[in-house]
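What you see is a predicted model, and the numbers here were worked out from it, not measured in a lab. Note that these values count all heavy atoms, side chains included, but never hydrogens, waters or copies made by symmetry. Sequence lines set the chain letters: A, B, ... in the order given, protein chains first and strands last, and positions in each chain run from 1.
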Amino acid sequence: MSVDTATVAKIAALARIKLSEGEVAAMVPELNSILDWVEQLAEVDVTGIEPMTAVIPNTLRLRDDKVNADPLTGGNLRDKVLANAPANEHGFFGVPKVIE
Amino acid sequence: MTTETAYRIHGATGEWEVVIGLEVHAQVTSASKLFSGASTKFGAEPNAQVSLIDAAMPGMLPVPNRECIRQAVRTGMAIDAQINAWSRFDRKNYFYADLPQGYQISQLYHPLVGEGAIDIVLDEKDPEGSTKRIGVERIHVEQDAGKLMHDQHPTMSYVDLNRCGVALMEIVSRPDMRSPAEAGAYVRKLRTILRYVGSCDGNMEEGSMRADVNVSVRKPGGELGTRTETKNVNSVRFVMATIEHEANRQVDVIEGGGRIVQETRLFDPDTGTTRSMRSKEDAHDYRYFPDPDLLPLVLDDAFLAECRASLPELPDAKLRRYETELGLSPYNAAVLTAEAETARWFEVLLAETAKRTGKPEADVAKQAGNWLMSELFGALNRLGKTLETSPVSPVQAAELLGLVGDGTISGSIAKQVFEKMLETGDAAGVIVEREGLKQTSDTGAIETAVDAVLAANADKVEQYRGGKEALFGFFVGQTMKAMQGKGNPQLVNQVVKAKLG
Amino acid sequence: MTDLTELGVAAIRDGVAAGSFTAVEVATAFNANVAAAQAALNAFIVATPDKALDAAAKTDKARAANKPLGKLGGVPIGMKDLFATAGTQTTAASHILEGFIPPYESTVSQKLWDAGAGMLGKLNLDQFAMGSSNETSYFGNVVSPWRRNDGGNASLAPGGSSGGSSSAVSARLCPAATGTDTGGSIRQPAAFTGISGIKPTYGRCSRWGIVAFASSLDQAGPMARDVRDCAIMLEAMAGFDAKDSTSLDMAVPAWEAGLSPDMRGKKVGIPREYRMDGMDADVAKSWDDGIAWLKDAGAEVVDINLPHTRYALPAYYIIAPAEASSNLARYDGVRYGLRDLPEGAGLQDMYAATRAAGFGAEVKRRILIGTYVLSAGFYDAYYTQAQKVRALIARDFEQAFQQCDVILAPTAPSAAFALGDKTADPLSMYLNDVFAVPASLAGLPAMSVPAGLNREGLPLGLQIIGRPFDEQGVLNAGLAIESRAGFTAKPERWW
Ligand SMILES: [Mg+2]
Ligand SMILES: [Zn+2]
């Protein structure tokens, strides 16, 4: 499974990273050498093995349904949430106009 | 199975069958969001109910809300679905301005709820008519996205993340529906169940329930066609309109020599048509994988037992009980159980009425049901109110029915009293007392009144005696009218009969 | 008076408590070292001398008032710029986060401040912690204070991704620093610079507020000059956090109090598979030294097998980029950080332009690999297979730990290399973590301690890997090596 320029361009588009044609071309052999190398995993016999789900045996903790119980995980912080925004107006984040 | 004529699109090349599957997104009733402590309240200032987690600040992590899981499990139990005590959250990766993380936390590979089913009634006017079982493939829990506003600024769209991270259940049906009516019945029935369970308020206007409508067409019984998915349709009527338009459009395309492309479409309520969604045009590759921030969700027996124990009586069971134990007609039973709030209201009314009259519930059920469906619903309709905003409570209504039951007032006076209750908010007994509406059982007074009526209508008395027995009601009515409705109807009947006899 | 910057965490803590010197004196001395070394080593992205002084003044005041001092009272530290620090720019060494001022503090950094530590500044690192040489930072390479003994002055890599941390601690710019380890990012830089560092069991330190690289692997840990200082730091950093779903709900042991170099009754496993063909002779020798030292400390040495070792690195280079490709999707120019909005660009174009301008080459490479291995049709062949192999690797360790208490191995296959040596070939760079990655994949506690110098006069590290939750066993084996290795070398101050 090796990638060509079209595939790299497609992945880059999927990952929303703009690459010039030159960058795509340069990336092809780099990705292929990494992919060739990771493909040795295919030779491992994994019969009957479940993919790892939790690295340390542990299950998911559930929290109580309380609003703003912890200021670090609650709401009501509009100014803080917007403080770093490249564009914000009237309490909203601004993005280039989207046509649906 | 269905006995009525199957729904068909009549194309130029013959008949077409429509195959419909629905993915309903229902907002889980919870105070805080699925993975953060921000409030879920509707209608807040933009971005006021956004936590650092919802805004996907660097280093923020999700911690799931137990109540959201609980409500989804209860919903699954309510449709007799398989509950998966081991499930996982996955990430669905895509870029959009309403999705700060760049992925939606959802469940693809191991959903919380598996296979279940919902029974729908094909004709609501005929609840004993044909029913159909619609398969539910799964219910999974996931995050809602934020909102984009496109019309506030000439060159910018505005992003509000208040809804972002609110818990949704995605309830995925099997492609078991074959007509707009079936789809409509399915959505209504699902909404009823959700409201009974209390896991979703079912409020489609506020967006707490919306459907992705999957439609394809085929020659009857033939191979499945390519489907389109119309997103976020937010009323039962629109779901039906979407199917109708989309099925006809697909038939036109195919018969015109074209082929259907699997795509995402949008329903336009103004035109009743669907169109391709440009922003979702590029073929999606969501790169699902297990969310590494979250461990497997393992539910223990105690949790599952509590979920089951806390389920209320569900609509189908309630309907059967109303028919068998309360002796209600199938139609009345269906109407009274169609909404959780109606059944709740009815059951309080019933219990209170039984208590006041000292009769078993089964003896007063018919009276209470009829009164609720005709008098109360009629009045609420007129006033533009709902049961939730009714000016009269079920306890107050029970007092009114009790007064009728023990003969204090007649049925027709009851109507007047009810009107006064709606106007003033006063109790029935108070109104009856104040306005002197108590029924007269004084035989003397009744005889006087009957005598006067018969005297004034000697011709009709003649006709009656000549065999026109239908006039009996006329004399009773005239007497009641003369007594301003206060005569005890049974006594009036007896006296009229005796005098004519 | 002694040079306060020659003191470690324990010595500073005890000296301040005893009144031998003030916390402000300590902070002032380290602040001076930070400033003096910045141009040459570039270990910090921003220095925060006032924060260090403020915390120190608080400690001095508390002491004057006879109030109890925190476990780290008077100790100034460096904070890897992957930890969100409220009010102080946090960048993950990426242009895409340049100027980002978090309105929140990471759990781990908050715990350190609560223990009385002060912040000397935000330490440089590989961009988004992706790298093994600290050459991927947008804010420039970090230079190791070490130089080869060949009389040349080649700039050496401090290791990565916690290269600012390793450089700063070894150059006496701070007595200790935080690090994060995803596939060796604490241990390998510690080994390169002759210091100690421990990655605890996955889940010991909260990940809340740490810029995520690969969530199932990321763990914070301390880097310091010796084992005791690591134990003190780790005690302050670790602990259950309800805000992290993967946090371990366990009490934090008293690791410092439990320190003992006595290895009698302990078994040390030597994994056969780590002795690879063409192993660097000095590295092999230091490993043999380590075995001898642990025997001397009373341990029994046993050979063990970790049969899937050679697959750890390829599995890691599927899993980590896959998680990263998703974790880094949030850097989109909408809510914080860089926005590149070309004339007439729509939303999706803005994303692509912003991410192109904001991410460095290595970050892009890993995002692309991660995107590819998760994409339709490839998910099972790559990702699922890698997670199965990961399960096998964890099982290898589990079986090995039935025969031994800790495992001893080299930390890295070589000593520090020169900056620029491996940048042309990403794969050769990745191979640097070959010994470190298996423990990361299995979530195990692991530490690196200095073992000696190679023939070029550069430090080599030895790695101890322990059972889940057995940080104490790891620290103790580390202490046993430390007390026998007699490692006192330090970089000559050339800056
Ligand atoms: Mg859908
Ligand atoms: Zn969904």
With under 30° as parallel and over 60° as perpendicular, where do the rings of B:Y109 and C:Y379 fit, or are they tilted in between?
-> parallel

Give a yes or no answer on whether the side chain of [X] reaches the backbone of [Y] with a donor-acceptor pair at less than 3.5 Å.
X      : Y      : value
B:N93  : C:S326 : no
C:S245 : B:L61  : no
B:Y96  : C:L347 : no

Got B:R287 and C:Y383 here, is their nearest side-chain heavy-atom distance under 4.5 Å?
-> no

Would you mind telling me which of [options] has the largest number of heavy-atom pairs within less than 4.5 Å of chain C?
options                      : value
B:P62, B:A55, B:S157         : B:A55
B:F35, B:Y103, B:F95         : B:F95
B:V63, B:V159, B:D291        : B:V63
B:P58, B:A97, B:G102, B:P290 : B:P58

Does CD in B:E45 sit with more than 12 non-hydrogen atoms of other residues, nucleotides or ligands closer than 6.0 Å?
-> no

Heavy-atom neighbours of B:D301 CG exceed 12 at 6.0 Å = no

Tell me, for C:L97 versus chain B, whether the close heavy atoms (under 4.5 Å) come from the side chain, the backbone, both or neither.
-> side chain

Part of C:A92 within contact of chain B (heavy atom distance under 4.5 Å) | neither

Smallest separation among heavy atoms of [X] and [Y], with atom names:
X      : Y      : answer
B:D285 : C:S375 : OD2-CB, 3.2 Å
B:M57  : C:R330 : O-NH1, 3.0 Å
B:P100 : C:R335 : O-NH2, 3.0 Å
B:R91  : C:E323 : NH1-O, 4.2 Å

Which one wins on heavy-atom pair count under 4.5 Å against chain B: [options]?
options                       : answer
C:A84, C:A322, C:A376, C:G346 : C:A376
C:F100, C:Y331, C:F83, C:Y336 : C:Y336
C:T371, C:D332, C:T384        : C:T371

Residue by residue, scan residues 101-113 of chain C and write down, ordered by number, those that have a heavy-atom distance under 4.5 Å to chain B; if none do, write 'none'.
-> C:P103, C:Y104

So which residues of residues 201-208 of chain C are in contact with chain B at a heavy-atom cut-off of under 4.5 Å?
-> C:Y202, C:R207, C:W208

Between the CG atom in C:N327 and the CG atom in B:D293, the distance rounded to the nearest 0.5 Å is 6.0 Å

